[in-house]
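Everything on this sheet refers to the single structure shown next.
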Amino acid sequence: MKQFEETLYDAVSQQFRIDKLYFESKTDHQHLMIFHNAQLGRVMTLDGVVQTTEADEFIYHEMMTHVPVLAHGNAKRVLIIGGGDGGILREVCRHNIDHVMQVEIDQAVVDMAKQYLPNHSAGAFDDPRLDLVIADGMEFVRSTDRTYDIIIVDSTDPIGPGEVLFTEDFYAQAKRCLADGGVMVTQNGVPFFQPDELKNTHQRLQQRFRDARFYCAPIPTYYGGFMSLGWATDDRDLCKVSAEVLRGRLDQAAFSCRYYTPEIHAASFALPQYMRDILVN
Ligand code: SAM
């Protein structure tokens with residue numbers, strides 16, 4: 001039986017059995033695979049790196065979406081950079097928002113995710129509140145004159161087309177697109193194996209935002225323990241919204257989650273010592 005081997009790191013890798021291959025091709029931007037694994041359900045990889053699996057996608061998509069949206073409390077305009085599988089979009093559309101702009105560089109990721117990972121978007125690509133643009137997120141934030149209450153950067157790792165989304169220039173332009181009181185969150189890797197990504201992002205975000213920090217979530221197929229999610233805003237109180245207030249907002253939003261709870265939200269900003277050490281050394 002064929003195996004998928006993720007070789008994101010030099011000395012360690014993880015393997016998933018390919019029980020059924022749905023799609024494998026080089027797109028205009030990256031190598032895209034979608035296959036079925038008996039344990040994980042359907043799996044998407046880009047350039048040999050696991051992007052999402054049906055089994056654990058709920059953890060990442062709920063934490064990347066509901067933490068900023070419920071902390072903000074009155075988000076109406078959301079910008080998603082990347083996220084071609086549609087999982088973030090699905091979670092965003094559960095909220096009482098007016099408009100969501102999604103800027104994804106690779107049309108093939110959207111097309112193949114719609115076809116082979118339909119549960120990720122769950123119809124959200126047909127939501128009338130969505131504007132989907134196939135473009136480089138860097139070019140979009142550089143050229144748009146619109147602002148957003150929430151910016152969610154659901155990118156690949158800083159390799160290939162995703163690399164530009166971890167630069168000072170991108171963060172500076174994204175800051176320009178953030179409405180007063182808004183917050184940007186970013187996919188920021190697994191610090192246990194990618195400490196430099198945590199340190200570099202922190203240094204770059206600190207230059208632009210009054211409050212640049214991280215929160216965490218454990219995504220089983222993002223190998224290496226806690227994943228760090230970047231948090232950037234000028235409102236220093238936004239990360240301190242109490243679990244009681246968040247509970248009220250979640251009750252008002254009237255939907256249930258499989259990972260997110262107001263208590264997990266509040267606790268997710270407490271970093272383990274090894275991450276704090278990376279940030280100060
Ligand atoms: N959850 C995954 C993770 O944490 O690694 C990311 C999933 S999502 C599939 C990543 C998306 O970012 C892909 O669809 C990819 O095409 C998109 N992407 C990469 N670079 C981009 C860029 N410069 N502009 C817009 N989208 C980009």
Side-chain angles (χ1 to χ4, degrees), residues 6 8-9 14 23 25-34 40 42-65 79-92 101-114 116-117 120-121 124-125 131-144 151-167 169-171 173-174 177 185-191 193-194 197-198 201 214-224 226-230 259:
E6 180 181 62
L8 188 57
Y9 310 109
Q14 58 178 345
F23 181 84
S25 175
K26 185 87 175 70
T27 73
D28 293 343
H29 300 279
Q30 43 211 342
H31 180 267
L32 169 60
M33 270 179 83
I34 301 178
L40 298 169
R42 295 188 181 189
V43 180
M44 175 192 282
T45 73
L46 287 172
D47 289 340
V49 180
V50 175
Q51 298 299 305
T52 189
T53 84
E54 285 185 321
D56 65 2
E57 57 89 4
F58 67 96
I59 303 172
Y60 173 82
H61 294 130
E62 288 180 13
M63 289 300 282
M64 277 282 273
T65 305
L79 170 60
I80 301 169
I81 304 285
D85 55 76
I88 296 285
L89 177 63
R90 178 195 71 213
E91 293 302 309
V92 164
M101 167 66 75
Q102 178 159 5
V103 184
E104 160 58 52
I105 200 167
D106 198 333
Q107 178 74 57
V109 173
V110 174
D111 294 344
M112 292 302 107
K114 279 181 180 176
Y116 295 116
L117 283 172
H120 270 60
S121 55
F125 283 118
D131 270 342
L132 174 64
V133 169
I134 301 301
D136 181 342
M138 177 74 248
E139 291 317 311
F140 179 84
V141 292
R142 196 195 306 279
S143 57
T144 186
I151 300 176
I152 300 175
V153 187
D154 180 21
S155 70
T156 44
D157 284 279
I159 50 177
E163 192 168 5
V164 70
L165 304 180
F166 291 78
T167 61
D169 189 17
F170 174 76
Y171 296 140
Q173 297 300 329
C177 305
V185 296
T186 68
Q187 184 280 105
N188 207 82
V190 175
F193 285 120
Q194 300 165 298
E197 202 169 305
L198 192 79
T201 298
F214 297 91
Y215 62 109
C216 297
I219 293 96
T221 53
Y222 296 164
Y223 180 70
F226 271 138
M227 176 176 229
S228 62
L229 307 175
Y259 180 85

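Order of appearance sets the numbers: ligands from 1, and atoms from 1 within every ligand.
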Open item on the list: Taking 4.0 Å as the limit for heavy-atom contacts, which would you say applies to Pro161 with ligand 1: side chain only, backbone only, both, or neither?
Closed with: both
- [ ] Can you figure out which of Leu32, Asp154, Ile159 has its heavy atom closest to atom 11 (C) of ligand 1?
- [x] Asp154
Open item on the list: Please report whether ligand 1 has a polar contact with Gln30, defined as an N or O pair separated by less than 3.5 Å (distance criterion only).
Closed with: yes
Open item on the list: Using heavy-atom distances only, which candidate in Asp85, Val109, Thr27, Ile80 approaches atom 8 (S) of ligand 1 most closely?
Closed with: Asp85
Open item on the list: Under a 3.5 Å distance rule, please check whether Ser121 uses its side chain to pair with a backbone N or O of Lys114 as donor and acceptor.
Closed with: no
- [ ] Check whether any N or O atom of Asp136, backbone or side chain, sits under 3.5 Å from an N or O atom of ligand 1, and answer yes or no.
- [x] yes
Open item on the list: Could you identify the single nearest non-hydrogen protein atom to atom 4 (O) of ligand 1 and state the distance to 0.1 Å?
Closed with: Gln187 CG, 3.0 Å
Open item on the list: Is the shortest side-chain heavy-atom distance between Ile59 and Met227 below 4.5 Å?
Closed with: no
- [ ] For atom 27 (C) of ligand 1, grab the closest protein heavy atom and report residue, atom and distance to one decimal in Å.
- [x] Ile105 CG2, 3.5 Å
- [ ] Distance to 0.1 Å, residue and atom name: give those for the protein heavy atom nearest to atom 22 (C) of ligand 1.
- [x] Leu165 CD1, 3.6 Å
Open item on the list: Within the structure, is a non-hydrogen atom of Met138 found at a distance of less than 4.0 Å from ligand 1?
Closed with: no
Open item on the list: Less than 4.0 Å is my threshold; does some heavy atom of Val164 fall inside it relative to ligand 1?
Closed with: yes
Task: N or O contact, Tyr222 vs ligand 1, cut-off under 3.5 Å - done: yes
